[in-house]
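In this chain, residues are counted from 1 in sequence order.
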Amino acid sequence: MKLSTTARNAACNAVVDLLDNGYVRIYSGSAPANPQTAASGTLLAELRFNATAFGAAATGAATANAFTADSSANADGTAGYVRLLQSDGSTVIADCSVGTSGADINLNSLAISTGVEVQITSMTYTQPE
């Protein structure tokens, strides 16, 4: 099955709308086998999505709206993956790759230190055809 652009946009918007007022948790180490598996590694930082987490999808992709930087990282370490959760803080929506460019979520730096600001520089969700 291949989705039309209209269907991809609808599916994309449905997924990203789950993240309104949700959480972005940055962990050290490797991502768990799937989002249903408990988080692994050390929680390094936590940021929040805004009330409207993403703009409207176009051609099956939506870009996250601006984030407020986390000025008080929880621990020292190297970012290994990111977990996205709904606003209840417990319902996991996705696990994502992290980098400084070309990843699902791009940060200003993968080296995270307690008390040092952590910034998400870009994030896009693309709904597969």
Side-chain angles (χ1 to χ4, degrees):
M1 175 187 309
K2 290 191 178 185
L3 298 176
S4 69
T5 299
T6 300
R8 285 179 69 207
N9 287 342
C12 182
N13 286 329
V15 171
V16 299
D17 285 351
L18 294 171
L19 295 168
D20 291 347
N21 288 314
Y23 292 86
V24 177
R25 292 188 179 147
I26 303 168
Y27 290 91
S28 64
S30 299
N34 58 57
Q36 291 75 36
T37 304
S40 58
T42 300
L43 177 61
L44 301 175
E46 179 178 275
L47 293 89
R48 294 287 307 258
F49 284 105
N50 293 314
T52 303
F54 285 77
T59 61
T63 301
N65 290 320
F67 288 86
T68 301
D70 180 349
S71 60
S72 58
N74 300 25
D76 297 339
T78 302
Y81 73 99
V82 172
R83 180 159 274 193
L84 306 179
L85 299 99
Q86 284 188 306
S87 61
D88 64 6
S90 61
T91 304
V92 179
I93 300 303
D95 289 335
C96 306
S97 66
V98 64
T100 55
S101 67
D104 295 328
I105 297 177
N106 296 307
L107 304 177
N108 59 322
S109 173
L110 294 181
I112 296 177
S113 299
T114 305
V116 175
E117 186 173 85
V118 177
Q119 294 179 342
I120 294 176
T121 57
S122 66
M123 178 180 178
T124 302
Y125 173 73
T126 302
Q127 175 65 39
E129 285 185 31

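With hydrophobic clusters built from ILVMFWY side chains whose heavy atoms lie under 4.5 angstrom apart, L47 shares a cluster with L18. With hydrophobic clusters built from ILVMFWY side chains whose heavy atoms lie under 4.5 angstrom apart, L84 shares a cluster with L110. Linking ILVMFWY side-chain heavy atoms closer than 4.5 Å, directly or via other members, places Y125 and V98 in a single hydrophobic cluster. Residues I93 and V82 fall within the same hydrophobic cluster, defined by Ile, Leu, Val, Met, Phe, Trp and Tyr side chains chained together at heavy-atom separations under 4.5 Å. V15 and I120 end up in the same hydrophobic cluster when Ile, Leu, Val, Met, Phe, Trp and Tyr side chains are linked at under 4.5 Å.
Nearest heavy atom pair, residue N65 against residue T52, reads ND2-O, 2.7 Å. Counting all heavy atoms, side chain and backbone alike, A45 lies closest to V118 at CB-CG2, 4.0 Å. In terms of heavy-atom proximity, A94 sits nearest to P35 at CA-CG, 4.2 Å. Counting all heavy atoms, side chain and backbone alike, A38 lies closest to P32 at O-CG, 3.4 Å. In terms of heavy-atom proximity, A111 sits nearest to S109 at N-OG, 3.1 Å.
A donor-acceptor distance shorter than 3.5 angstrom exists from the side chain of R25 to the backbone of G89, with no hydrogens or angles considered. Side-chain atoms of R83 never come within 3.5 Å of backbone atoms of V24 as a donor-acceptor pair (strictly under, hydrogens ignored). D88 places a side-chain N or O within donor-acceptor distance of the main-chain N or O of T91, the cut-off being under 3.5 Å. When atom types are taken as modelled, the side chain of N108 and the backbone of Q119 share a donor-acceptor pair closer than 3.5 angstrom. Distance alone, capped at 3.5 Å, places no donor-acceptor pair between the N13 side chain and the V16 backbone. Within the 3.5 Å criterion, the main-chain N or O of N106 finds a donor-acceptor partner in the side chain of T121. At distances below 3.5 Å, not a single donor-acceptor pair connects side-chain atoms of D95 with backbone N or O atoms of A31. Between the R8 side chain and the Q127 main chain, a donor and an acceptor come within less than 3.5 Å of each other.
For the residue pair N9/T6, the side-chain donor-acceptor check at 3.5 Å is not satisfied. At a cut-off of 3.5 Å, with distance as the only test, a side-chain donor of S97 or D104 sits close to an acceptor on the other residue.
To the nearest 0.5 Å, the span separating OG on S101 from CG on L107 amounts to 11.0 Å. L3 contributes atom CG, which lies 8.0 Å from atom CD of E129 (distance to the nearest 0.5 angstrom).
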Yes or no on ring-ring contact (aromatic ring centres under 6.0 Å, His included) for F49 and F67, after CA distance, side-chain angles and deciding distance? CA-CA 6 Å; F49 284 105; F67 288 86; 5.1 Å; yes

If you apply the rule side chain to side chain contact (heavy atoms under 4.5 Å, CB included), what do you find for I26 with E46, and how did you get there? CA-CA 6 Å; I26 303 168; E46 179 178 275; over 6 Å; no

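If you run side chain to side chain contact (heavy atoms under 4.5 Å, CB included) between D76 and each of T42, L44, V116, T114, only T114 comes through. Here the options are L19, T124, D20, T63, the test is side chain to side chain contact (heavy atoms under 4.5 Å, CB included), and the partner is F54; only L19 passes.
Ring geometry for Y27 versus Y81: interplanar angle under 30°, hence parallel rather than tilted (30 to 60°).
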